[in-house]
Amino acid sequence: MTTKSKSLHFSNREIIKITLPVLLSLLMEQLIGITDTAYLGRVGEAELGASAIAGVFYLVIFMLGFGFSIGAQVIMARRNGEGDFKAIGPVFAQGNIFLVLMASFFFLATSMFAPRLLGHIIESEKVYQASLSYLNWRIYGYFFAFTAAMFRAFYVATTNTRILISNSLVMVLTNVVLNYVLIFGKLGFPELGIAGAAMASSISEAVSLIFFIIYTKLKTDYKAYDLFRINTIDFKLLRSILGVAVWIMLQQGLAYLSWFYFFVAIEHLGETPLAITNIVRSITTIIFMFLSAFASTASSLISNLIGLGKQDEVLPLSNRIVGLCFLFILPLVILMAIFPQQALAIYTDNPTHITQGVVVMWVMLSSFLLSTPGVIYEFSVSGTGDTRAAMLLALSSIVIYIIYIYVIVEQLHADVTIAWTADHVYYLVLMLSYVYLRMGHWKRLKV
């Protein structure tokens, strides 16, 4: 891997070339959730619902670490655009130190406080016990997933993303095999059910991290970036990283916390609506991975552009990425809308889940008309380095989203189909990110 800078303009072909490895890696990683849901859908309704709540609980904390890595990615991408490659390694090293400490804190905090917290908000005893069984093993993944996130940030920031495909393939294959073995008790292992799914996910994340380390040592010109030189904590550099990252951490953490509240509210409607919600979420997340890949590319390329002094190209680039993303997403949305029952049948053989899930899927699929531009413009704002503005824009969406869920689900007790319209509300407000990009206040910011 070389340290040569990319084109100043980023053609559509270059955008897709950078995005596709990110996309393929995200899709393969999403297979972890797909296999968890597909396997647990055969174990029981309570286990299927519990994997949704406990899984999102895990994601709330993971997204804090992931948000930090995105902040570090913005800085590394800026240095990459400036050609200051030696400055990338210290950001990478300090980021890893911080994330290991962060993983240790949340491992202990989750162990001590999650049982009491979940006991207060989950009404079904079966779902509660299954959620604890899942979290008891899933929290070991903090250490591996947080550190692997920094490797991903480095490769996206330097626009060398092909490694992400191989890494994800190894992780997914590990997870698929271990899920089958540990959930159902094959090859002489005990039948662990939902706890086996959690163990499989954590082990696969450890394998992913080991793969990143070996590949970077053998295949990357890591000395050119000064990647692995860690002497001590550099508080000055760490503060500068946090100055950018803290707003993304809050943004990502609060977004997934609101999503966690959504699943808890659905659980109050019953185990069946929760199971349907988990199935629909798992199916449509495949499409969302396309959006996430293009949004991640937008953030990195925009930071590179600004490093090259090309601020006037930021909004046109964002608009092109939105258009390219729609070219990939709309055919999938239409296909799933035409064949919803076939998609649902992959996850469950329960006729009630399939019948009631069809309309829920249609509602969820329609939200991509708003989420596609909303998320890409949101990540574009982060790419400018004005992560505080991006957080405030996301916070506005989150507050309105939570209020909407509280009124519709908790007060009016609307069914699960109506509840999913909350996504439309969230992304409609998030479209304010486009307005902010046009205003241009971010042009005066130094990172």
Side-chain angles (χ1 to χ4, degrees), residues 26 56 59-60 63-64 66-67 70-71 73-74 244-263 265 281 284-285 287-303 314-326 328-330 333 363-408 419-442:
L26 289 173
V56 176
L59 281 174
V60 170
M63 292 310 294
L64 292 174
F66 182 74
I70 294 296
Q73 175 184 309
V74 169
V244 175
V246 68
W247 304 110
I248 303 179
M249 293 169 66
L250 290 172
Q251 173 187 340
Q252 296 293 328
L254 290 172
Y256 276 80
L257 186 62
S258 67
W259 200 23
F260 177 70
Y261 172 64
F262 174 75
F263 277 92
R281 175 197 64 85
T284 54
T285 299
I287 303 177
F288 198 83
M289 291 303 99
F290 283 79
L291 175 52
S292 296
F294 277 97
S296 179
T297 297
S299 176
S300 181
L301 295 190
I302 283 170
S303 191
V314 165
L315 188 56
L317 177 62
S318 297
N319 291 336
R320 282 196 291 127
I321 292 175
V322 170
L324 288 171
C325 188
F326 267 127
F328 283 82
I329 281 180
L330 285 181
V333 168
V363 172
M364 175 55 184
L365 289 170
S366 67
S367 71
F368 283 102
L369 296 175
L370 294 172
S371 65
T372 300
V375 172
I376 289 175
Y377 289 133
E378 176 195 16
F379 271 67
S380 296
V381 174
S382 296
T384 68
D386 198 348
T387 52
R388 181 175 181 271
M391 190 278 291
L392 292 174
L393 288 165
L395 182 61
S396 300
S397 301
I398 290 166
V399 170
I400 294 173
Y401 175 77
I402 290 175
I403 292 172
Y404 184 85
I405 294 170
Y406 177 76
V407 173
I408 294 297
W420 270 97
T421 61
D423 274 25
H424 297 72
V425 173
Y426 178 88
Y427 293 117
L428 183 62
V429 178
L430 198 60
M431 283 294 295
L432 291 172
S433 300
Y434 173 79
V435 177
Y436 180 80
L437 286 173
R438 286 191 61 88
M439 291 171 62
H441 295 317
W442 49 269

On a heavy-atom basis, which atom in [X] and which in [Y] lie closest, and how many Å separate them?
X	Y	answer
G71	V244	O-CG1, 3.8 Å
W247	R388	CG-CA, 3.4 Å
Q251	S382	OE1-OG, 4.0 Å
A298	I376	CB-CG2, 4.2 Å
F368	T372	O-OG1, 2.8 Å

Would you give the length of the straight line joining atom [atom1] of [X] to atom [atom2] of [Y], rounded to the nearest 0.5 angstrom?
X	Y	atom1	atom2	result
F263	I405	CZ	CD1	10.0 Å
L432	L437	CG	CG	11.5 Å
L395	I400	CG	CD1	10.0 Å
M63	I248	CE	CD1	10.5 Å
S433	R438	OG	CZ	14.5 Å
L291	I321	CG	CD1	11.5 Å

Flag side-chain contact, heavy atom, 4.5 Å: [X] against [Y]:
X	Y	answer
H424	L369	no
D423	F262	no
V399	V429	no
S292	F379	no
N319	Y434	yes

Give a yes or no answer on whether the side chain of [X] reaches the backbone of [Y] with a donor-acceptor pair at less than 3.5 Å.
X	Y	result
T384	V381	yes
S303	V74	yes
S299	A295	no

### Message
Let's go through Y377 and Y436 carefully: what are the C-alpha distance in whole Å and the side-chain angles of both, what is the deciding distance for side-chain contact (heavy atoms from CB on, under 4.5 Å) to 0.1 Å, and is it a yes or a no?
### Response
CA-CA 9 Å; Y377 289 133; Y436 180 80; over 6 Å; no
### Message
Before you tell me yes or no, could you show the steps for Y401 and W259 under ring-ring contact (aromatic ring centres under 6.0 Å, His included), namely the whole-Å CA-CA distance, both residues' side-chain angles and the distance that decides it to 0.1 Å?
### Response
CA-CA 9 Å; Y401 175 77; W259 200 23; 9.3 Å; no
### Query
Are L393 and E378 close enough, and set up right, to give a side-chain contact (heavy atoms from CB on, under 4.5 Å), and what steps lead you there?
CA-CA 8 Å; L393 288 165; E378 176 195 16; over 6 Å; no
#### Entry: Intermediate values then yes/no, side-chain contact (heavy atoms from CB on, under 4.5 Å), I302 and S318
CA-CA 8 Å; I302 283 170; S318 297; 3.2 Å; yes
### Task
In sequence, state the C-alpha distance, the side-chain angles, and the governing distance for V322 and F294, and then conclude on side-chain contact (heavy atoms from CB on, under 4.5 Å).
CA-CA 8 Å; V322 170; F294 277 97; over 6 Å; no
### Message
Could you tell me if Y426 and S367 have a donor-acceptor pair between their side chains, going purely by distance under 3.5 Å?
### Response
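No - no donor-acceptor pair under 3.5 Å links their side chains.
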